[in-house]
There are 2 protein chains.
Amino acid sequence: MYVTSPVSTLDTDTITDTEAAGGYPPLTRTINITAGHSLFYEGDEADFIYEMIEGVVRTSKVLLDGRRLVLSFGYPGDVIGLSHDGIHHCNCEAVSKVRLRVYPGNTASAEKAGHTKFTNRLLHHAASEINSMQEHFIMLGRKSATEKVASFLYTLFLRVGEKRDGKTCFDLPMSRSDIADFLGLSHETISRTLTVLRQGGYIELPRKHRVCIRQPVLLKTLAERN
Amino acid sequence: MYVTSPVSTLDTDTITDTEAAGGYPPLTRTINITAGHSLFYEGDEADFIYEMIEGVVRTSKVLLDGRRLVLSFGYPGDVIGLSHDGIHHCNCEAVSKVRLRVYPGNTASAEKAGHTKFTNRLLHHAASEINSMQEHFIMLGRKSATEKVASFLYTLFLRVGEKRDGKTCFDLPMSRSDIADFLGLSHETISRTLTVLRQGGYIELPRKHRVCIRQPVLLKTLAERN
DNA sequence: CGCGCAGTTGAACCTAATCAATGGTGGTGG
DNA sequence: CCACCACCATTGATTAGGTTCAACTGCGCG
């Protein structure tokens, strides 16, 4: 349905080794992925855990009839690929040019190997992720289209916004359909809502994939009320 | 909005001690809570982790304007109360008479104390919970009312159904509003959809809080397509 | 140059929410 | 003991928000 580039999993030729750092198991390395390519698919063996260094990935699930849901957008610092049973239960694709750190092993093997400090880091990340997923539940289950889009933009504003002459701007590398599937809306609704927010003076859209927040406080109000 | 019984947190008089068991930190104990009473509130310090032994709890979040979302129903075996920052970010109430095992400490303290085996158990539970939360995302974001209710019933059918003369039955101790807030629907829609499923011969409703699945396979089909 | 895809916008439709009325039930107090 | 109240559940009527269908634009790329 959402056809991306012909698929190659990992650009192994771009792999560069790094030394083991504090609390990490040895043999970690970094890899690069170009936009549109996949990191792993649902059903793949979960042999590695990834930590985002640069760029944006999206994790998604697809139903038989083609309906898709984007579970998360991964930004630098996020941990990707945790699994409880050694199998990935979602797809993961690069939305932009991406650099990741790769850790061999996953939940089960980390336990066996007894990398206590690493396991603790994972647990903290997992608990943290559960918390932000719970916030997202409210988004999906109880918010209007305007609240959803405003919340989404406000979250990115806080996380990746760069202040520049009075406005705070950031890239929106994912497509409108990606955002729609993340928020449980149609891509038309995303488009319309962005237009409404622009006309209302909340945001500017200098380019299709670039947003500037003009009124963060008002945007936050929109995100929380209606 | 959703007024329950006047609140008492824990029935401390019903506490009974238990010995430490395989991989658990010492000093665990069990407690009982009566239906409608709370285990913890959003904002409380997360000093304990709980494991469900008997009964059903619900975890929820409430928006300022009263909109509520039920994050999960906790059944025996589920782990409740994990936190990444020592604070609970949801409310937890007993839906029926509940018995839990209490573990002192949470993510942070478990790490420090170095209860490796316990930490590993927690990590596994967390990864597992992330997985089932991802399934729920699809539910909230991309499924129709009929699919949501059918999925909900089918999940309970698999998890707590008891086979009895050809039919598989289970209790539905939570209110229609609880189910509605879990599925992101109105309680009227839950009511209507249950009626439709009953009239369609998929289920029986011998009592308001009791369901029998007549056609598990057809119910599963309803849950996945439509 | 032309194709294909992403995005925007308009119009019609539809699903589920909302508003409203009624019946049933359990608990409380006169 | 029973009357009353509060709450839950069901069902009907109406409304609204968002989807779907459709047309058109602009842009990147072979």
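Every chain is numbered from 1, with letters handed out A, B, ... down the list of sequences. Here the structure is a predicted model, which means the values were calculated and not measured.
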Heavy-atom check, side chain of B:I130 versus side chain of A:L82, under 4.5 Å: yes

Between the side chains of B:T146 and B:T193, does any donor sit under 3.5 Å from an acceptor? no

Lys/Arg N to Asp/Glu carboxylate O, B:D181 vs A:R142, below 4.0 Å: yes

d(CZ, A:R210; P, C:dG7) in whole Å: 17 Å

What is the distance, rounded to the nearest whole Å, between atom CG of B:L205 and atom C1' of D:dC8? 15 Å

What integer distance in Å separates A:H209:NE2 from D:dC27:P? 12 Å

Decide ring pair (Phe, Tyr, Trp, His ring centres under 6.0 Å) for B:H88 and B:Y41; before the verdict, give the C-alpha distance in whole Å, the side-chain angles of both, and the deciding distance to 0.1 Å. CA-CA 7 Å; B:H88 286 302; B:Y41 295 93; over 10 Å; no

Base-contact (B) and sugar-phosphate-only (S) positions in nucleotides 15-23 of chain C, heavy-atom cut-off under 4.0 Å, - elsewhere: -SSBB----

Indicate yes or no: does A:R214 engage A:E204 in a salt bridge with an N to O separation below 4.0 Å. yes

Check whether the side chains of A:K143 and A:S151 place a donor and an acceptor atom closer than 3.5 Å, and report yes or no. yes

Interatomic distance, A:K148 NZ vs D:dG18 P [rounded to whole Å]: 8 Å

Could you tell me whether B:D178 and B:R68 have a side-chain N and a carboxylate O separated by less than 4.0 Å? yes

Those residues that, when tested against A:H125, pass side chain to side chain donor-acceptor pair (under 3.5 Å) (two or more places apart): none

Mind checking B:S191 for me? I need base, sugar-phosphate or nothing, with any heavy atom below 4.0 Å counting as a touch. base

Return the value, rounded to whole Å, for the distance between atom CZ of B:R176 and atom P of C:dG24. 16 Å

Between D:dC8 atom C1' and B:R207 atom CZ, what is the distance in whole Å? 16 Å

Relative orientation of the end axes in the helix from C:dC1-D:dG30 to C:dG30-D:dC1, expressed as an angle to the nearest 10° (five pairs per end): 30°

Report the distance from atom CG of B:D181 to atom P of D:dC8, rounded to the nearest whole Å. 12 Å

Take the protein atom CG of B:D178 and the nucleotide atom P of D:dC7, then report the distance between them rounded to whole Å. 15 Å

Please determine if B:E42 and B:K61 form a salt bridge, counting it only when a charged side-chain N lies under 4.0 Å from a carboxylate O. yes

